[in-house]
Amino acid sequence: MSTLEFRLEQTMAEVKELTSVVRQLVATTPQRNKQWLQPSEFAQLLGIAPRTLAQWRTDGRFRPISVRKQGRGYQFHADWALADAQEVSR
């Protein structure tokens, strides 16, 4: 294998890794026009399990303005709930 081929393979591997990181960031970054997130979306954003998020909600770690009942489930406000979650981790 020539040096050029080796560098090309190395570059392609780096591009593949960066693409994976960018996809993960896009998936976990709330859109600014989306104010309310589903529990699975918000848990992914925080890097915790949805069950942990549900337990935090049950324990009262979120202010009433941060969570709303939606049908049979709940939604989390993208900004307010994030601020509450950051307080929990301190």
Side-chain angles (χ1 to χ4, degrees):
M1 176 181 293
S2 72
T3 303
L4 182 59
E5 289 174 324
F6 176 74
R7 287 185 180 171
L8 180 60
E9 277 189 29
Q10 212 174 17
T11 301
M12 290 179 68
E14 289 174 6
V15 167
K16 187 176 181 179
E17 182 179 343
L18 288 172
T19 300
S20 173
V21 169
V22 168
R23 283 188 179 139
Q24 183 178 6
L25 284 172
V26 168
T28 59
T29 302
Q31 298 174 6
R32 289 291 86 199
N33 62 351
K34 187 170 183 183
Q35 288 294 311
W36 293 95
L37 303 174
Q38 297 300 322
S40 59
E41 295 171 309
F42 192 58
Q44 185 178 16
L45 175 68
L46 296 176
I48 62 173
R51 184 70 195 123
T52 301
L53 181 62
Q55 188 62 50
W56 286 6
R57 182 187 50 75
T58 302
D59 291 346
R61 296 185 186 189
F62 295 99
R63 295 171 290 165
I65 63 168
S66 301
V67 181
R68 72 178 180 186
K69 184 94 167 120
Q70 186 70 18
R72 292 178 18 188
Y74 291 89
Q75 290 183 327
F76 294 84
H77 192 275
D79 298 324
W80 300 327
L82 183 58
D84 293 345
Q86 289 171 338
E87 281 297 315
V88 167
S89 65
R90 289 185 185 162

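- In the hydrophobic clustering (ILVMFWY side chains linked at under 4.5 Å, chained through shared members), L8 is joined by M12.
- Under a cut-off of 6.0 angstrom, the local environment of NZ in K16 is sparse, with at most 12 non-hydrogen atoms contributed by other residues, nucleotides or ligands.
- Separating the CG atom in L45 from the CZ atom in F76 is a distance of 11.5 Å, to the nearest 0.5 Å.
- With rounding to the nearest 0.5 Å, the separation of OH in Y74 from CZ in R68 is 13.5 Å.
- Atom CG of L37 is separated from atom CG of L82 by 9.0 Å, given to the nearest 0.5 angstrom.
- Listed here is the closest heavy atom pair of A43 and L53: N-CD2, 3.9 Å.
- With values rounded to the nearest 0.5 angstrom, E9 atom CD is found 11.0 Å from L4 atom CG.
- A pairwise comparison of heavy atoms in T52 and I48 identifies CG2-CD1, 4.1 Å as the closest pair.
- For the pair W36 and I65, the tightest heavy-atom approach, listed with the atom from each and the gap, is CH2-O, 3.6 Å.
- Here E14 contributes atom CD and R7 contributes atom CZ; the two are 12.0 Å apart, rounded to the nearest 0.5 Å.
- For the residue pair W56 and A85, the shortest heavy atom distance occurs at CZ3-CB, 4.2 Å.
- Across every non-hydrogen atom of A81 and F62, the tightest pair is O-CE2, 3.4 Å.
- Here the side chains of F42 and V67 are not in contact, with every heavy-atom distance at 4.5 Å or above.
- For E17, the CD atom counts as loosely surrounded, since its 6.0 Å shell holds 12 or fewer non-hydrogen atoms of other residues, nucleotides or ligands.
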